[in-house]
Amino acid sequence: MAIVEFSEYSFRYAGSERYALRDINLEIGKGEFVVISGPSGCGKTTLLRSMNGLIPHFYPGDVKGDVRVCGMRVVDHETYELARCVGLVFQDPESQMLTLSVEREIAFGLRYMGLPRDEIWERVEWALEALGIEGLRFKPPSELSGGEQQKVAIASLMVMRPQILALDEPLSNLDPMSSMSIVKLLKEIHEKFGATIIIAEHRLDLLAPMATRLVLMNDGRIVEDDEPRAVLAKDTASKIGVGVPQVVRIWKTLRERGLLEDGLKPPLTVSELVSMLR
């Protein structure tokens with residue numbers, strides 16, 4: 001059964017003549033790790049906003065079709081209800097931080113939910129330990145690095161125990177080491193807690209190896225939706241301006257020169273490419 005379901009869904013922001021999303025049909029099952037990619041302005045952010053109720057409750061516009069998450073029809077439920085099902089980390093995590101310390105930031109949503117004080121701090125302790133950020137407990141979020149802010153933003157959502165964790169370009173403003181740290185963290189969350197992970201991201205080199213599905217978007221539409229190797233074996237990504245992982249580009253070059261056997265699927269990691277060449 002789908003935990004996220006878009007049915008003939010289109011959306012146009014108020015005041016705009018162009019639809020940001022057009023005729024979207026998408027089902028995501030519980031426990032999947034889905035990467036949504038595409039060029040800037042293709043509709044990735046709008047898709048995520050449509051899952052947690054920011055659209056249409058905070059960003060009004062023309063809605064066609066239907067979106068359901070965790071069995072709830074998004075237009076019929078307030079964002080605070082949907083937040084218990086879908087946690088969304090913005091592209092700029094600092095913009096969603098409201099308090100003066102990391103532990104208070106993580107506890108903020110739990111207070112809003114009206115949980116007992118003991119349970120709130122028990123969950124905060126769990127999140128600090130699970131994400132390895134105990135040392136940041138008393139620091140102001142404004143003094144953290146980009147990678148640390150991402151971890152705090154993820155922790156503040158994980159304590160609410162949503163079934164879906166959605167992230168909007170979480171690697172876009174991070175250095176390579178911080179990016180690898182966030183990717184490793186997401187992999188652990190997916191494997192240990194069984195959360196459904198949905199990431200809108202244009203950098204595929206780090207995320208493709210762990211994704212169960214890769215969805216490509218262009219001009220508000222879904223143009224590819226399959227397991228990553230099947231999508232990257234095609235030329236769609238490069239044609240619409242999505243950065244193809246270097247190992248896949250090397251594989252395509254070797255295949256074009258007749259140096260690889262027919263039928264081999266593209267590698268997603270350097271170790272896979274090396275094994276293939278051996």
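Computed from a predicted structure; not experimentally measured.
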Pairwise distance CZ(Phe58) to CZ(Arg49) - rounded to 0.5 angstrom: 12.0 Å
Side chain to side chain, Thr45 and Phe90, heavy atoms closer than 4.5 Å: no
From Glu8 atom CD to Ile24 atom CD1, the distance as rounded to the nearest 0.5 Å: 10.0 Å
Side chain to side chain contact (heavy atoms under 4.5 Å, CB included) between Leu110 and Trp121, worked out: CA-CA 9 Å; Leu110 299 177; Trp121 292 110; over 6 Å; no
Polar side-chain atom of Lys44 near backbone of Gly38 as donor-acceptor pair, under 3.5 Å: yes
Side-chain ion pair, Arg22 and Asp219, N-O less than 4.0 Å: yes
Interatomic distance, Lys151 atom NZ to Leu131 atom CG [nearest 0.5 angstrom]: 7.5 Å
Pairwise distance CZ(Arg73) to CG(Leu82) - rounded to 0.5 angstrom: 12.0 Å
Identified side chain to side chain contact (heavy atoms under 4.5 Å, CB included) partner of Gln163 from the options Val69, Thr196, Ile3: Ile3
Pair Tyr59, Thr46: side-chain N/O donor-acceptor within cut-off below 3.5 Å: no
From Thr212 atom OG1 to Glu32 atom CD, the distance as rounded to the nearest 0.5 Å: 4.5 Å
Other residues, nucleotides, ligands: >12 heavy atoms within 6.0 Å of Gln246 CD: no
For the student: nearest non-hydrogen atoms of Met276 and Leu264, plus distance: CG-CD1, 4.0 Å
Same apolar cluster: Ile28 and Met217, side chain cutoff 4.5 Å: yes
Presence of salt bridge, Asp23 and Arg221, under 4.0 angstrom: yes
Any donor-acceptor N/O pair, Glu148 side chain to Ser145 backbone, under 3.5 Å: yes
Nearest heavy atoms of Asp225 and Arg213, plus distance in Å: OD2-NH2, 2.7 Å
His202 side-chain N/O to Glu169 backbone N/O, donor-acceptor pair under 3.5 Å: no
Other residues, nucleotides, ligands: >12 heavy atoms within 6.0 Å of Lys252 NZ: yes
pair Val242-Asn218: side-chain heavy atoms closer than 4.5 Å: no
Hydrophobic cluster membership, Leu88 vs Ile55, 4.5 Å side-chain cutoff: yes
Greater than 12 external heavy atoms within 6.0 Å of Phe108's CZ: no
Single-linkage hydrophobic cluster, 4.5 Å side-chain cutoff, Phe6 and Phe33 together: no
Over 12 non-hydrogen atoms of neighbours within 6.0 angstrom of CZ in Arg12: yes
Chi angles and distances behind the side chain to side chain contact (heavy atoms under 4.5 Å, CB included) call for Phe193, Arg161: CA-CA 10 Å; Phe193 305 111; Arg161 297 178 183 169; over 6 Å; no
Aromatic ring pairing Phe11/Tyr9, orientation class (parallel under 30°, perpendicular over 60°, tilted between): parallel
Side-chain donor/acceptor of His190 to backbone N/O of Ala211, under 3.5 Å: no
Over 12 non-hydrogen atoms of neighbours within 6.0 angstrom of CG in Leu100: no
CZ (Arg117) with more than 12 external heavy atoms under 6.0 Å: no
Within one Ile-Leu-Val-Met-Phe-Trp-Tyr cluster: Ile154 and Leu54, side-chain cutoff 4.5 Å: no
Enclosure of Glu129 CD (heavy-atom neighbours >12, cutoff 6.0 Å): no
Exercise: identify the closest heavy-atom pair between Val74 and Gly53: CG1-CA, 3.8 Å
Residue pair Leu47 / Val215, side-chain heavy-atom distance below 4.5 Å: no
pair Ile182-Leu206: side-chain heavy atoms closer than 4.5 Å: no
Test item: Arg203 side-chain N/O and Leu171 main-chain N/O as donor-acceptor pair under 3.5 Å: yes
Salt-bridge contact Arg137-Glu125 (side-chain N to carboxylate O under 4.0 Å): yes
Steps toward side chain to side chain contact (heavy atoms under 4.5 Å, CB included) verdict (Val183, Leu207): CA-CA 7 Å; Val183 169; Leu207 291 171; 3.9 Å; yes
Glu227 side chain near Lys265 side chain, heavy-atom distance below 4.5 Å: yes
Heavy-atom closest pair, residues Leu214 and Ser37: CD1-CB, 4.4 Å
Under 3.5 Å donor-acceptor, Ser101 side chain and Lys139 backbone: no
Tyr80, OH: over 12 other non-hydrogen atoms inside 6.0 angstrom: no
Straight-line distance of Asp76 CG to Arg68 CZ, nearest 0.5 Å: 7.5 Å
Minimum-distance pair of heavy atoms, taken over all atoms of Pro141 and Val102: CD-N, 4.3 Å
Same apolar cluster: Ile240 and Ile222, side chain cutoff 4.5 Å: no
Close side-chain approach of Leu48 to Asn52, heavy-atom, < 4.5 Å: no
Heavy-atom side-chain proximity of Leu232 to Pro245 below 4.5 angstrom: yes
From CA spacing to verdict: side-chain hydrogen bond (donor to acceptor under 3.5 Å, both in side chains), Asp175, Ser178: CA-CA 5 Å; Asp175 59 73; Ser178 296; 3.1 Å; yes
Nearest heavy-atom neighbours spanning Val63 and Pro56: CG2-CB, 4.1 Å
Step-by-step side chain to side chain contact (heavy atoms under 4.5 Å, CB included) determination, Val231 to Thr236: CA-CA 8 Å; Val231 173; Thr236 308; 5.9 Å; no
Note, Val34 side chain near Val4 side chain (heavy atom, < 4.5 Å): no
N-O pairing of Glu272 and Arg229 below 4.0 Å: yes
Side chain Gln150, main chain Pro170, donor-acceptor under 3.5 Å: yes
